[in-house]
Engineer: 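Take a look at the following structure, please.
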Protein chains: 2
Amino acid sequence: MPVQELQPGSQPPLQPFEQLGLIGCGLMGGSFALALKKAGLVKRVVGYSKSPSTTERARQMGVIDVEAPSALLAAAGADLVLLAVPVAATEATLKSIKHLVTPNMMIMDVGSTKADVIQAARTALRDQLGSFVPAHPIAGKEVAGVEHADANLYRGAQVVLTPTERTLTAHLAKARALWQALGCEVKAMSPEAHDSALATVSHLPHLLAFAMMQSVLGQPDADEVLSLAGPGFRDFTRIGAGDPQLWRDVLLANHEQVLAQSRHFRQALEQLEAMIRAGDGQGLQDRLTLASAARSQWRMGARRHQA
Amino acid sequence: MPVQELQPGSQPPLQPFEQLGLIGCGLMGGSFALALKKAGLVKRVVGYSKSPSTTERARQMGVIDVEAPSALLAAAGADLVLLAVPVAATEATLKSIKHLVTPNMMIMDVGSTKADVIQAARTALRDQLGSFVPAHPIAGKEVAGVEHADANLYRGAQVVLTPTERTLTAHLAKARALWQALGCEVKAMSPEAHDSALATVSHLPHLLAFAMMQSVLGQPDADEVLSLAGPGFRDFTRIGAGDPQLWRDVLLANHEQVLAQSRHFRQALEQLEAMIRAGDGQGLQDRLTLASAARSQWRMGARRHQA
């Protein structure tokens, strides 16, 4: 029985789930299953992936206990379903399990965008929308696939829940307790606020890192130039190695916010360029000082509470 | 006596220097002095910093052995002088030591730009230009000051030497051997090639990271938004905490290359934006795939040779 020491008294202890139906056994889904098992919070994991070899590999690795031949059969009998598929696949996947969904089943996703996921859930789940708790754990790696699944991927991460007006409060409380039990800091906000904030601190930086790599590759002496890159470049472009399909989906799903943030960014860049062009040392130093001070003072939210 | 095992036979073993004159006792200069001492390659370090408290702190920390009250007195009697000052201060500093410079004295800098530094050295050193070996060790931290000096800062780093046509070959060979003895991989190239490549892989990424922070700060809910940023943002913006004065100087000194690279970058960004706006999923995925593959395959130059 897992011990709950988080916010004692504020909520009943979380009982282990009988069965997790894991739809999508990649990095995010696989890590969730491993974390849940490690915390003693699930008795059985039934998994499905679009690629049968992934499902098989997940079972061999002990990420899942049973392979299901379809999303529907992974959800059958589950009291918890985790959707860990590209956000663009949300609607079709939810439709495929819809007729098994009851108010006793809690469904969560792990998608990086929320307004589009909720729209997909409304269309697919209709009167069972109350079972769905939209979730975004802010964690990841620049490698995909179940072979990189890690029981500690979510430890210390922030998780944003963006409940709909129909989400059952019991599920919301359970979802919060679940992520807290995995070592996360949980916040609730509207899907719009989430998508706007994430466009700023995640989607835009990814777009810029991809553009940076594109820009270097487009030059005749790219190899020579890249051979001189040091630790600054390494860290700056790390997220430019992200999964192209996942990021295509995120950038398209959240296109309005991403494009708005890119406009903001280009304005800031053009202001700095104008100062460089004009040789305005004082203006440039003032701007860089503000930026540098803000970055030096910033600490990653959730992890500041860790030892 | 230090043991030289690098490229055996290719050059005579490096003899320890009698006296390092360290002009600028900050992170870069202080780390160089510590590394040289650790390698047994210097008998005495005489240091000068613009701020007397920095010089004093450097002596208390054992970074330097003797405090000098001026750059001139730090250089007096030195067979090796390291200039570790902001690049914009190069000309004035070299002028202040000029009448002590002889062909037996080797002078190096550690500046991030090379064409402007060489121009400053031509003006300041004139007939003693042969003593100067322009150097750029590609290493650093996002914190400044002697208190962060680290004997291992340069270990595994690349060092670019950009000798002038007047640089004495004996000094060039000695500079190469010295940096190799500190665990660096040494390359020689023209100052123009250096400045162009570094604009791409270092100066532009810094400018973009500063612009990213500017862009976030310019939004009404900056604190709330920043509280949601995760490890991707952390690494992407790390260099945005860089020293404002140092980066002001670099961006201004290398303004032509930096602005050219920024134009390249904005074109790449605008192409990606156009695909997002048009909902061109296939085009976007193709671009992201190229960028992601290039970044996944890239390894930092020098460190790939380490154990």
Side-chain angles (χ1 to χ4, degrees), chain A residues 138 158 197 200-202 205 207-218 225-230 232-242 244-245 247-248 251-252 255 258-259 262 264-265 268-269 272-273 276-277 279 281 284-285 287-292 294-296 298 300-301, chain B residues 138 158 197 200-202 205 207-218 225-230 232-242 244-245 247-248 251-252 255 258-259 262 264-265 268-269 272-273 276-277 279 281 284-285 287-292 294-296 298 300-301:
Chain A
I138 303 175
Q158 295 191 83
T200 309
V201 297
S202 170
L207 179 63
L208 299 179
F210 287 126
M212 177 77 220
M213 291 310 300
Q214 281 282 336
S215 178
V216 180
L217 291 175
V225 165
L226 280 173
S227 79
L228 287 171
F233 182 87
R234 177 196 60 204
D235 291 356
F236 183 80
T237 58
R238 180 177 67 78
I239 53 179
Q245 194 181 336
W247 284 101
R248 176 202 66 187
L251 295 173
L252 291 177
H255 59 102
V258 169
L259 292 172
S262 197
H264 271 293
F265 169 80
L269 176 59
L272 293 176
E273 282 180 8
I276 294 172
R277 199 172 293 113
L284 190 57
Q285 185 174 347
R287 293 294 181 110
L288 301 190
T289 300
L290 284 175
S292 172
R295 179 55 184 80
S296 300
W298 174 78
M300 242 186 1
Chain B
I138 303 175
Q158 296 192 82
T200 310
V201 297
S202 170
L207 179 63
L208 299 179
F210 287 125
M212 178 76 220
M213 291 309 300
Q214 280 283 335
S215 177
V216 180
L217 291 176
V225 166
L226 280 173
S227 79
L228 286 171
F233 182 87
R234 177 194 61 204
D235 292 355
F236 182 80
T237 58
R238 180 177 66 80
I239 54 180
Q245 195 181 335
W247 284 101
R248 176 201 66 187
L251 296 171
L252 291 177
H255 59 102
V258 169
L259 292 172
S262 197
H264 270 294
F265 169 80
L269 176 59
L272 294 176
E273 282 181 8
I276 293 172
R277 199 173 293 114
L284 190 58
Q285 185 174 349
R287 292 294 181 111
L288 301 190
T289 299
L290 284 175
S292 172
R295 179 56 184 80
S296 299
W298 174 78
M300 242 188 357

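Each chain gets a letter, A, B and so on, in the order its sequence line appears, and its residues count up from 1.
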Engineer: About how many Å separate CZ of B:Arg287 and CD of A:Gln214, when rounded to the nearest 0.5 Å?
Structural biologist: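 Interatomic distance, A:Gln214 CD to B:Arg287 CZ, rounded to 0.5 Å: 5.0 Å.
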
Engineer: Determine the minimum heavy-atom distance between B:Thr289 and A:Pro244, stating which atoms define it.
Structural biologist: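 Closest heavy-atom pair between B:Thr289 and A:Pro244: OG1-CB, 3.4 Å.
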
Engineer: Identify which part of B:Leu226 has an atom lying under 4.5 Å from any heavy atom of chain A, answering side chain, backbone, both or neither.
Structural biologist: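 Both parts, backbone and side chain.
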
Engineer: Work out which heavy atom in B:Pro205 is nearest to a heavy atom in A:Phe236; give both atom names and the distance.
Structural biologist: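 In this case the closest contact between B:Pro205 and A:Phe236 is O-CE1, 3.6 Å.
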
Engineer: Report the option among A:Gly232, A:Ser262, A:Gly218, A:Ser296 that has the most heavy-atom pairs separated by less than 4.5 Å from atoms of chain B.
Structural biologist: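 The answer is A:Ser262.
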
Engineer: With sequence neighbours excluded, tell me which residues meet side chain to side chain donor-acceptor pair (under 3.5 Å) with A:Ser292.
Structural biologist: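 Testing A:Ser292 for side chain to side chain donor-acceptor pair (under 3.5 Å), a comparison that skips the adjacent residues, returns none.
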
Engineer: Under a 4.5 Å cut-off applied to non-hydrogen side-chain atoms, are B:Leu288 and A:Leu251 in contact?
Structural biologist: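 B:Leu288 reaches A:Leu251 side chain to side chain.
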
Engineer: Checking B:Trp298 against chain A: side chain, backbone, both or neither under 4.5 Å from a heavy atom?
Structural biologist: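 Only the side chain of B:Trp298 comes within 4.5 Å of chain A.
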
Engineer: Less than 4.5 Å apart, side chain to side chain, heavy atoms only: is that true for A:Ile239 and B:Asp235?
Structural biologist: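 A:Ile239 does not reach B:Asp235 side chain to side chain.
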
Engineer: Can you measure from CE (B:Met300) to CZ (A:Arg234) and round to the nearest 0.5 angstrom?
Structural biologist: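 Those atoms lie 4.5 Å apart.
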
Engineer: Which atom pair, heavy atoms only, marks the closest approach of B:Gly281 to A:Leu252?
Structural biologist: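 Nearest heavy atoms, B:Gly281 then A:Leu252: CA-CD1, 3.7 Å.
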
Engineer: Between atom NE2 of B:His255 and atom CZ of A:Arg277, what is the distance when rounded to the nearest 0.5 Å?
Structural biologist: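 Between B:His255 NE2 and A:Arg277 CZ, I get 11.0 Å after rounding to 0.5 Å.
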
Engineer: Side chains of A:Leu208 and B:Leu208, heavy atoms from C-beta outward: is any pair under 4.5 Å?
Structural biologist: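 Side chain of A:Leu208 against side chain of B:Leu208, heavy atoms only: no contact under 4.5 Å found.
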
Engineer: Does a side-chain heavy-atom distance below 4.5 Å link A:Ile138 with B:Leu228?
Structural biologist: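 They are in contact (side-chain heavy atoms under 4.5 Å apart), so the answer is yes.
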
Engineer: Are any non-hydrogen side-chain atoms of A:Leu207 and B:Ile276 less than 4.5 angstrom apart?
Structural biologist: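 The answer is yes; the side chains approach within 4.5 Å.
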
Engineer: Considering residues at least two apart in sequence or located in another chain, which fulfil the side-chain contact (heavy atoms from CB on, under 4.5 Å) criterion with B:Ser215?
Structural biologist: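 Counting only residues at least two positions away or on another chain, B:Ser215 forms a side-chain contact (heavy atoms from CB on, under 4.5 Å) with A:His264, A:Phe265, A:Ala268, B:Gln219.
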
Engineer: Roughly how far apart are A:Met212 CE and B:Thr200 OG1, rounded to 0.5 Å?
Structural biologist: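 OG1 of B:Thr200 is found 6.5 Å from CE of A:Met212.
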
Engineer: For chain A, which candidate among B:Gly242, B:Gly279, B:Gly230 shows the most heavy-atom pairs at distances under 4.5 Å?
Structural biologist: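 Most pairs with chain A among the choices: B:Gly230.
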
Engineer: With a 4.5 angstrom heavy-atom cut-off, could you sort out which part of B:Ser202 is near chain A: side chain, backbone, both or neither?
Structural biologist: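 The answer is neither part of B:Ser202.
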
Engineer: List the atom of B:Gln158, the atom of A:Ser227, and the distance in Å for their closest heavy-atom pair.
Structural biologist: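 In terms of heavy atoms, the two residues are closest at NE2-O, 2.5 Å.
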
Engineer: Non-hydrogen atoms of chain A under 4.5 Å away: do they reach the side chain of B:Leu290, the backbone, both or neither?
Structural biologist: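 Contact with chain A: backbone and side chain both.
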
